[in-house]
J.: 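Here it is, the structure, as structure tokens.
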Amino acid sequence: MPKYQLSALVVALAASSSNAFLTPKPTPWHASPLRIADAEVTTSLFMSSSSTTTTTASTPRPKRTLRDRSRQEAISLLRDIVQAAYDAGPRAAPSRTLQAYIAISRTLQDFIPRPGQKAEEFSAPVVLRKLFERLGATYVKLGQFVASSPSLFPKEYVLEFQKCLDSTEPIEWNIIQSIIEKELGPIGDNFSFIDRTPLASASIAQVHVAKLRTGEEVVIKVQKPQIDDLLKADLNFIYIASRVLEFLQPDFERTSLSAVAGDVKSSMLEELDFEKEANNIEEFRQFLREQELGELVTAPRVYEEMTTKKVLTMERLRGVSMVDAESIRSITNDPESLIVTALNTWTSSVMNMPWFHADVHSGNLLVLEDGRVGFIDFGMVGRVGEKTFKAVSELSSSMAMNDYEGMAEAMCNMGATDEDVDVKKFGRDIEQVMVDMSKVSPDVAAVGVGNDGTVQAAISFDEEEVTNMLLKVVAVTEDNGLKLPREFGLLVKQSLYFDRYLKILAPGLDVASDSRMISLGSGTEAKEVEVIV
């Protein structure tokens, strides 16, 4: 069995559980020491366990209709509508209506024939993706939600929304300057230089490189103007629409539509508070100090006196992406140890902190010029409860033994179903998907020529191929009457990233027997914590 299949399977299942992300309130914590020497041998990124549980069938409940709605339920809906209107403010609806009209008009023009110009072929997924991009921040993030939620949306929409990237036109410098000065005071009081050209511009914030008067190089993350009003208006509309839909069609409550909309609303609004992200960074730096990992791993220092809810000032970490194998080999002659350190650090944070970094894509996990691993962007963090933690262990244990029926039972233990599941058939279906997954491999492509004339190569993955694998797993779980919990995906989604890094930087590493690897649960008990979804 290919040694990386567990990560691929677990993350494939993650895609069927569509997570929202939420920044938790700062929580006091005390990490226990990291003891790699005493750690159990891991079969993958997760611990093994010999305990399993059995599933029980539940009796399907009768469908409800609008006539079954009570007076209390109607009052609750009206209360939510009034509260949403109040939160959005009196100017939000007219302003957003005009923006929506413009976005819809421009999108339709792409598909209307004009003299001398051929119209695009009409496709509902393409139309919706373009419309979401033109509607701005809220809908760009919703598009990313669609792309990561194949259990909720049709295949053609999932594939199309893979193209919905969180990259926007930069805001003019004079506007950014006014925000910085409103939050921090005159620029000259704190900074000797700020690059007017942004380093990055996303839907919610814009990032600029700067230098403090004391000489340190920093980056300034600046929240875009009026983005909070925009998000409140859009998210309240989406939430109320889902509540009304569920009220009119009570059977839709089985899909937890309004619950998902409420989670997305809460998580996106929480991302607007940069002080919470600053607290996350400082807690992670404290964790690294307690684990005595400071010489190997770091996170940017936050300058608290220059940080507010709308402006975050932090140390600039110079490094390269974790998938840039050529550049990494110019920094270290042992990239394998480097990725082991990164993976062990993340795994230990899951066990020892009240939250963990929930967005370790290659842009947020760097190899610094001094050879250390750098974790950045702590806007999205999450927690996982005991049930999911234990279920992952059962899945890992079964996979190590090529026990596909055991894997099916583990997934049943962590999922929800209104009908009997044929575990033997489910196991056979999983085995077929595993065979297909083993065929997914990275591609090597020439990307340029270096100063010395050498060809620079990069290793990448066909995202559409990976997405199709995820969709196959979704089809298997749904065909067998199973829905996996949303919180499961938040933890295991990160394993896909690390699985990629392992294939790129340590293709010969046997994670099942390497004594350097630690696993979730080694030396500690899984504890019940609030699940952030």
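What you see below is based on every heavy atom in this structure, not just the backbone, and it leaves out hydrogens, waters and symmetry mates. The structure presented is a predicted model; accordingly, all values stated were derived computationally and were not measured.
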J.: Can you measure from CD (Glu283) to OG (Ser349) and round to the nearest 0.5 angstrom?
T.: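 One finds 12.0 Å between CD of Glu283 and OG of Ser349.
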
J.: For the atom pair CG (Asn190) and CG (Leu212), what is the distance rounded to the nearest 0.5 Å?
T.: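 With rounding to 0.5 Å, CG (Asn190) is 7.5 Å from CG (Leu212).
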
J.: Nearest 0.5 angstrom please: Lys224 NZ to Ser201 OG, how far?
T.: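 Spacing of NZ (Lys224) from OG (Ser201) equals 3.0 Å.
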
J.: Does any pair with a residue in residues 205-223 pass salt bridge (charged side-chain N to carboxylate O under 4.0 Å, His left out), and if so which ones, sequence neighbours excluded?
T.: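 Every salt bridge (charged side-chain N to carboxylate O under 4.0 Å, His left out) pair that includes a residue of residues 205-223, provided the two are not neighbours, is Glu217-Arg316, Glu217-Arg318, Lys221-Glu277.
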
J.: Looking at residues at least two apart in the chain, or sitting in another chain, which of them share a side-chain hydrogen bond (donor to acceptor under 3.5 Å, both in side chains) with Thr308?
T.: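 For Thr308 the side-chain hydrogen bond (donor to acceptor under 3.5 Å, both in side chains) partners, ignoring immediate neighbours, are Glu183.
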
J.: Describe, in one word, how the ring planes of Phe284 and Phe378 are oriented to each other, choosing from parallel (under 30°), tilted (30 to 60°) and perpendicular (over 60°).
T.: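 It falls in the tilted class, 30° to 60°.
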
J.: I need the minimum non-hydrogen distance between Ala299 and Leu288, along with the two atoms involved.
T.: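 So the minimum-distance heavy-atom pair works out to N-CD1, 4.1 Å.
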
J.: Write down the atom of Val320, the atom of Ser327, and the distance for their closest heavy-atom approach.
T.: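 Heavy atoms only, the tightest pair is CG1-CB, 3.9 Å.
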
J.: Dump the intermediate steps for side chain to side chain contact (heavy atoms under 4.5 Å, CB included) on Thr347 and Phe356, then the final yes or no.
T.: CA-CA 9 Å; Thr347 303; Phe356 61 91; over 6 Å; no

J.: Do Asp273 and Lys276 have side chains that approach each other closer than 4.5 Å (heavy atoms only, starting at C-beta)?
T.: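 They are in side-chain contact.
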
J.: Do Pro225 and Ile175 make a side-chain contact, defined as non-hydrogen atoms from C-beta onward lying under 4.5 Å apart?
T.: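 Touching, per the 4.5 Å side-chain cut-off.
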
J.: So, do Lys310 and Asp228 sit near enough that their side-chain heavy atoms are less than 4.5 Å apart?
T.: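 Yes. Closest side-chain heavy atoms under 4.5 Å.
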
J.: Do Phe193 and Ile187 come within less than 4.5 Å of each other through their side chains, counting heavy atoms only?
T.: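 Contact flag for Phe193/Ile187 side chains = no.
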
J.: For Gly406 and Ser398, work out which heavy atoms get closest and say how close.
T.: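 That would be C-OG, 3.4 Å.
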
J.: What's the verdict on side-chain hydrogen bond (donor to acceptor under 3.5 Å, both in side chains) for Gln286 and Glu282, showing C-alpha distance, side-chain angles and the deciding distance?
T.: CA-CA 6 Å; Gln286 177 64 20; Glu282 184 50 42; over 6 Å; no

J.: Around Arg289, counting heavy atoms of other residues, nucleotides and ligands shown, do more than 12 lie under 6.0 Å from its CZ?
T.: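 Counting neighbours around CZ of Arg289, more than 12 heavy atoms of other residues, nucleotides or ligands fall under 6.0 Å, so yes.
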
J.: Within a strict 4.5 Å, meaning less than it, do heavy atoms of the Glu409 and Asn413 side chains meet?
T.: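 Touching, per the 4.5 Å side-chain cut-off.
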
J.: Among residues at least two apart in sequence or on other chains, which ones pass ring pair (Phe, Tyr, Trp, His ring centres under 6.0 Å) with Phe191?
T.: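 Listed in chain order: nothing, the list is empty.
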
J.: Which word best sums up how the rings of Phe498 and Tyr501 line up, parallel for under 30°, tilted for 30 to 60°, or perpendicular for over 60°?
T.: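 The arrangement is perpendicular - the two ring planes meet at more than 60°.
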
J.: What pairs of donor and acceptor atoms, side-chain ones from residues 331-339 against any protein atom, are under 3.5 angstrom apart with sequence neighbours left out?
T.:
from, atom 1, to, atom 2, distance (Å)
Thr332, OG1, Asp334, N, 3.1
Asp334, OD1, Ser337, N, 3.4
Asp334, OD1, Ser337, OG, 3.4
Asp334, OD2, Ser337, OG, 2.4
Glu336, OE2, Arg516, NH2, 2.7
Ser337, OG, Arg516, NH1, 3.4

J.: Sort and list the pairs that fulfil ring-ring contact (aromatic ring centres under 6.0 Å, His included) and have at least one residue in residues 295-332, not counting sequence neighbours.
T.: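 Those involving residues 295-332 do not exist here.
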
J.: Going by ring-ring contact (aromatic ring centres under 6.0 Å, His included), name the pairs with one or both residues in residues 207-227, residues two or more places apart or in two chains.
T.: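 For residues 207-227: Trp173-His208.
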
J.: Between Gly363 and Ile376, what is the shortest heavy-atom contact and its length?
T.: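 Answer, listing the atom of Gly363 first, then Ile376: O-CD1, 3.4 Å.
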
J.: Can you list everything that forms a side-chain hydrogen bond (donor to acceptor under 3.5 Å, both in side chains) with Glu315? Sequence neighbours excluded, please.
T.: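 Glu315 satisfies side-chain hydrogen bond (donor to acceptor under 3.5 Å, both in side chains) with no residue once adjacent residues are dropped.
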
J.: Starting from the C-alpha separation in whole Å, work towards a yes-or-no answer on side chain to side chain contact (heavy atoms under 4.5 Å, CB included) for Val367 and Val373.
T.: CA-CA 5 Å; Val367 179; Val373 175; 5.6 Å; no

J.: Give, for atom CD of Gln177 and atom CD1 of Ile171, the distance between the pair rounded to the nearest 0.5 Å.
T.: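 Rounded to the nearest 0.5 Å, the CD-CD1 separation comes out at 14.5 Å.
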
J.: Run the side-chain hydrogen bond (donor to acceptor under 3.5 Å, both in side chains) test against Asn364 and tell me which residues pass, sequence neighbours left out.
T.: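 If we apply the side-chain hydrogen bond (donor to acceptor under 3.5 Å, both in side chains) test to Asn364, skipping adjacent residues, the hits are Asp359, His361.
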
J.: Give the intermediate values and the outcome of side chain to side chain contact (heavy atoms under 4.5 Å, CB included) for residues Ile504 and Ile328.
T.: CA-CA 11 Å; Ile504 293 171; Ile328 290 174; over 6 Å; no

J.: Can you name the residues that form a ring pair (Phe, Tyr, Trp, His ring centres under 6.0 Å) with Phe274, not counting sequence neighbours?
T.: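 With sequence neighbours excluded, Phe274 shows a ring pair (Phe, Tyr, Trp, His ring centres under 6.0 Å) to no residue whatsoever.
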
J.: Look up atom CD in Glu275 and atom CG in Asn280, then write down how far apart they are to the nearest 0.5 Å.
T.: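 Interatomic distance, Glu275 CD to Asn280 CG, rounded to 0.5 Å: 12.0 Å.
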
J.: So for atom CD, which belongs to Glu292, do other residues, nucleotides or ligands contribute more than 12 heavy atoms lying within a distance under 6.0 Å?
T.: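 Incorrect, the count does not exceed 12.
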
J.: To the nearest 0.5 Å, what is the distance between CG on Asp324 and OG on Ser362?
T.: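 Separation between the atoms: 9.5 Å.
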
J.: Could you pull out all residues at least two apart from Lys182 that satisfy salt bridge (charged side-chain N to carboxylate O under 4.0 Å, His left out)?
T.: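 For Lys182 there are no salt bridge (charged side-chain N to carboxylate O under 4.0 Å, His left out) partners, ignoring immediate neighbours.
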
J.: Can you sort out the partners of Thr298 under side chain to side chain contact (heavy atoms under 4.5 Å, CB included), two or more places apart, ordered by chain and number?
T.: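 With neighbours one apart ignored, the set is Arg285, Leu317, Leu368, Arg372.
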
J.: Is any side-chain heavy atom of Met322 less than 4.5 Å from a side-chain heavy atom of Leu366?
T.: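 No, every pair of side-chain atoms sits at 4.5 Å or beyond.
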
J.: I'd like to check Ile220 versus Val207 (side-chain heavy atoms, cut-off strictly below 4.5 Å). Are they in contact?
T.: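 With C-beta onward as the side chain, the pair stays apart.
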
J.: Tell me, with the steps shown, if Val219 and Leu312 meet side chain to side chain contact (heavy atoms under 4.5 Å, CB included).
T.: CA-CA 8 Å; Val219 291; Leu312 173 58; over 6 Å; no

J.: Answer whether the closest heavy-atom distance between the side chains of Phe375 and Pro300 falls below 4.5 Å.
T.: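 Of all side-chain heavy-atom pairs linking Pro300 with Phe375, none is under 4.5 Å.
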
J.: State which residues pass side-chain hydrogen bond (donor to acceptor under 3.5 Å, both in side chains) with Asp195; sequence neighbours excluded, sorted by chain then number.
T.: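 For Asp195 there are no side-chain hydrogen bond (donor to acceptor under 3.5 Å, both in side chains) partners, ignoring immediate neighbours.
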
